[in-house]
Amino acid sequence: MTTALPPGSTIGILGGGQLGRMLALAGARLGLRSHIFAPEEDSPAFDVTRWHTRAGYRDEAALETFARSVSAVTLEFENIPVGTVEFLSRLVPVRPGAKALRCAQDRLNEKALARELGAMTADFAVIDSLADLERALAGPLEAPAVLKTRRFGYDGKGQAKVMRREDAAAAWAAIGGKPGAILEAFVPFEREVSVVAARGIDGGFSAFDVTENEHRNHILHRSVAPARISEATGRMGVDTARRMAEALDYVGVFAIEYFVTGSGAGERLLVNEMAPRVHNSGHWTIEGSDTSQFEQHMRAVAGWPLGSTRRRAPAVEMINLIGDEMGEWTRIAADAGAQLQHYGKAEARAGRKMGHVTRLLG
Ligand SMILES: Nc1ncnc2c1ncn2[C@@H]1O[C@H](COP(=O)(O)OP(=O)(O)O)[C@@H](O)[C@H]1O
Ligand SMILES: [Mg+2]
């Protein structure tokens with residue numbers, strides 16, 4: 001087994017958002033220091049770490065200095081250029097590595113891998129032009145369907161629902177009208193769930209309880225663990241996650257988002273997408289699990305044994321505070337059953353994740 005990085009070691013984190021902030025906080029508990037690398041001046045993670053570098057992801061001089069100051073590098077943001085990770089990998093271990101990132105940055109690669117491993121996904125077609133889109137809607141993939149950019153989408157950005165064939169041109173224009181899109185059949189799901197799991201340097205694997213997720217305006221609103229699915233379906237979801245991680249030589253925490261269709265014996269899981277990082281649907285683990293997803297990730301990246309994922313209450317609920325919802329902080333702070341996490345962002349723009357609140361339920 002690779003030797004674990006001892007307390008006092010420094011982990012480099014690419015990306016300075018709330019995920020980087022919570023990773024750094026969790027690492028600090030284990031004596032692991034963090035060095036954040038991010039381009040944005042007002043990065044929430046800068047507030048809680050001893051070191052940060054403010055530079056662009058393609059600034060090789062800055063990347064080299066950064067690599068020499070840390071014992072391992074990880075990321076909190078999946079759209080880090082693969083070339084950046086390849087450059088750093090020549091100087092320091094990067095966990096997860098370029099292979100995982102390359103897959104998770106492209107919806108087509110994610111779906112292809114899931115299917116190769118025997119999992120189901122929505123039916124899809126590769127779309128590089130309006131003609132491709134019209135052809136797909138005329139034949140194999142009838143509306144309703146969802147047109148998405150293959151890369152760089154998040155919180156529903158880069159997506160357009162196609163309700164009727166006649167909407168093709170409008171949908172194509174709505175996502176920017178550039179090659180590199182995918183058309184997915186609209187899935188009439190019963191619910192959405194996610195598996196947040198970790199794979200260690202030694203190939204060890206550990207998943208948190210399957211979590212049920214409710215979106216509002218395509219942004220995660222509420223997560224509850226455990227999800228209301230059968231044990232068999234849950235096992236299937238965890239098994240798919242494990243096999244995807246193995247196929248990608250993955251090290252660290254990641255999430256697989258699923259659609260659940262049908263019910264009872266007809267309950268089925270469709271892989272929607274993979275996040276090669278800690279995930280919003282795993283925030284409940286900070287208070288709700290023996291080990292949080294953030295600590296688990298730092299353990300994996302540092303080569304430590306993975307921690308216990310035992311849930312600490314019959315159910316745990318996490319609600320995101322988006323935009324001006326953080327204005328409620330005084331009321332939440334006065335609620336003895338509520339655990340508030342504020343990301344320290346100065347400006348509450350609409351749709352921006354400002355914090356979250358977790359409750360252990362009886
Ligand atoms: N094919 C689909 N069928 C039904 N709903 C969908 C489909 N694709 C996306 N959605 C809805 O939109 C949300 C965001 O889409 P997703 O593919 O996860 O992109 P991202 O999270 O990167 O914005 C999903 O969680 C789901 O609620
Ligand atoms: Mg998603």
Side-chain angles (χ1 to χ4, degrees), residues 13 15-32 34 36 43-49 76 155 192-198 206-216 219-228 253 255 257 275 277-299 306-348 351-362:
I13 301 176
Q18 66 267 17
L19 301 178
R21 177 181 172 109
M22 290 185 275
L23 283 170
L25 289 169
R29 259 189 58 183
L30 305 177
L32 295 169
S34 295
I36 305 288
S43 294
F46 290 173
D47 282 356
V48 304
T49 48
E76 61 105 57
D155 289 346
E192 291 186 87
V193 301
S194 55
V195 170
V196 177
S206 178
F208 295 97
D209 289 310
V210 182
T211 303
E212 186 164 337
N213 305 314
E214 190 189 314
H215 294 84
R216 280 191 189 166
I219 303 175
L220 183 67
H221 164 59
R222 178 173 181 260
S223 289
V224 178
R228 293 169 294 172
V253 167
E257 297 176 10
R277 52 169 171 78
V278 287
H279 194 253
N280 197 167
S281 70
H283 290 0
W284 65 268
T285 61
I286 296 176
E287 294 86 9
S289 165
D290 281 354
T291 308
S292 76
Q293 64 164 345
F294 301 100
E295 177 175 336
Q296 195 76 312
H297 185 73
M298 295 303 266
R299 282 171 171 258
L306 298 179
S308 155
T309 55
R310 188 184 65 93
R311 180 166 25 88
R312 289 183 158 166
V316 188
E317 172 193 66
M318 187 270 342
I319 293 181
N320 269 340
L321 299 170
I322 312 275
D324 59 13
E325 287 165 6
M326 188 48 94
E328 292 282 289
W329 68 269
T330 44
R331 189 184 55 74
I332 299 165
D335 177 348
Q339 313 270 342
L340 178 66
Q341 187 89 216
H342 192 298
Y343 303 152
K345 297 179 186 176
E347 204 194 329
R352 196 176 194 204
K353 292 175 181 169
M354 301 299 292
H356 69 261
V357 55
T358 303
R359 288 186 176 81
L360 306 192
L361 308 177

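For this chain, numbers begin at 1 and follow the sequence in order.
In this structure, the side chain of Ser308 engages the main chain of Arg310 through a donor-acceptor pair within 3.5 Å. The closest donor-acceptor contact from the side chain of Gln296 to the backbone of Gly307 lies under 3.5 Å. Side-chain atoms of Glu317 do not come within 3.5 Å of backbone N or O of Val224 as any donor-acceptor pair. Of the possible donor and acceptor atoms, one in the side chain of Glu325 sits under 3.5 Å from a partner among the backbone N and O of Ile322. Using modelled atom types, one side-chain atom of Asn320 and one backbone atom of Leu220 make a donor-acceptor pair closer than 3.5 Å. Without hydrogens or angle criteria, Ser289 side chain to Thr291 main chain gives a donor-acceptor distance under 3.5 Å. A distance-only check finds no donor-acceptor pair linking the side chain of Arg222 to the backbone of Asn213 [under 3.5 Å].
Between Lys353 and Ile219 there is a side-chain heavy-atom pair separated by less than 4.5 Å. Taking the side chain as every heavy atom from C-beta outward, Val196 and Ser281 approach each other to under 4.5 Å. By the 4.5 Å heavy-atom criterion applied to side chains, Leu360 and Trp284 are not counted as neighbours. No side-chain heavy atom of Met318 sits less than 4.5 Å from a side-chain heavy atom of Ile286. Contact annotation: the side chain of Thr211 never approaches that of Val193 to less than 4.5 Å [non-hydrogen atoms, C-beta and beyond]. Taking the side chain as every heavy atom from C-beta outward, Met326 and His342 approach each other to under 4.5 Å.
A salt bridge does not link Glu287 with Arg312: none of the charged nitrogens is closer than 4.0 Å to a carboxylate oxygen. Classification of Asp290 and Arg311 as a salt-bridged pair fails, no side-chain N sitting under 4.0 Å from a carboxylate O. Using a 4.0 Å cut-off between charged side-chain N and carboxylate O, Arg277 and Glu76 make no salt bridge.
Closest heavy-atom contact between Ala45 and Gly20: CB-C, 3.8 Å. The shortest heavy-atom contact between Val278 and Leu19 is O-CD1, 3.6 Å. Closest approach of Pro314 and Pro226 over heavy atoms only: O-CD, 3.4 Å. The minimum heavy-atom distance linking Asp47 with Gly344 is given by the pair OD2-O, 4.3 Å. Closest heavy-atom contact between Thr309 and Ser206: CG2-OG, 3.3 Å. Closest heavy-atom contact between Ala24 and Ser34: CA-OG, 3.5 Å.
The CE atom of Met22 sits 5.5 Å away from the CD atom of Gln18 when rounded to the nearest 0.5 Å. Taken from OG in Ser223 to CD in Glu214, the straight-line distance is 9.0 Å, to the nearest 0.5 Å. Atom CD1 in Ile13 sits 12.0 Å away from atom OG in Ser43 (nearest 0.5 Å).
Between the side chains of His279 and Glu257, at least one donor N or O sits under 3.5 Å from an acceptor N or O. If you check the side chains of His283 and Gln293, you find a donor sitting under 3.5 Å from an acceptor.
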>> Please evaluate residues Phe46 and Arg21 with respect to the criterion side-chain contact (heavy atoms from CB on, under 4.5 Å), reporting the C-alpha separation (whole Å), side-chain torsions for both, the decisive distance (0.1 Å), and the verdict.
In response: CA-CA 7 Å; Phe46 290 173; Arg21 177 181 172 109; over 6 Å; no
> Between His221 and Ile319, does a side-chain contact (heavy atoms from CB on, under 4.5 Å) hold up when you go through it step by step?
Replying inline: CA-CA 6 Å; His221 164 59; Ile319 293 181; 4.0 Å; yes
> Stepwise, does the side-chain contact (heavy atoms from CB on, under 4.5 Å) test hold for Tyr343 with His356?
Replying inline: CA-CA 8 Å; Tyr343 303 152; His356 69 261; 2.6 Å; yes
>> Does Phe294 form a side-chain contact (heavy atoms from CB on, under 4.5 Å) with Leu25? I'd like the steps, not just the answer.
In response: CA-CA 8 Å; Phe294 301 100; Leu25 289 169; over 6 Å; no
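Within a 6.0 Å radius of CZ in Arg29, no more than 12 heavy atoms belonging to other residues, nucleotides or ligands are found.
Residues satisfying the side chain to side chain contact (heavy atoms under 4.5 Å, CB included) criterion with Arg352, sequence neighbours excluded, are Asp42, Lys345, Glu347, Arg349, Met354. Checked against side chain to side chain contact (heavy atoms under 4.5 Å, CB included), Ile332 has the following partners two or more places apart in sequence or in another chain: Leu321, Glu328, Ala338, Leu340, Val357. Residues passing the ring-ring contact (aromatic ring centres under 6.0 Å, His included) test with His297, sequence neighbours excluded: none.
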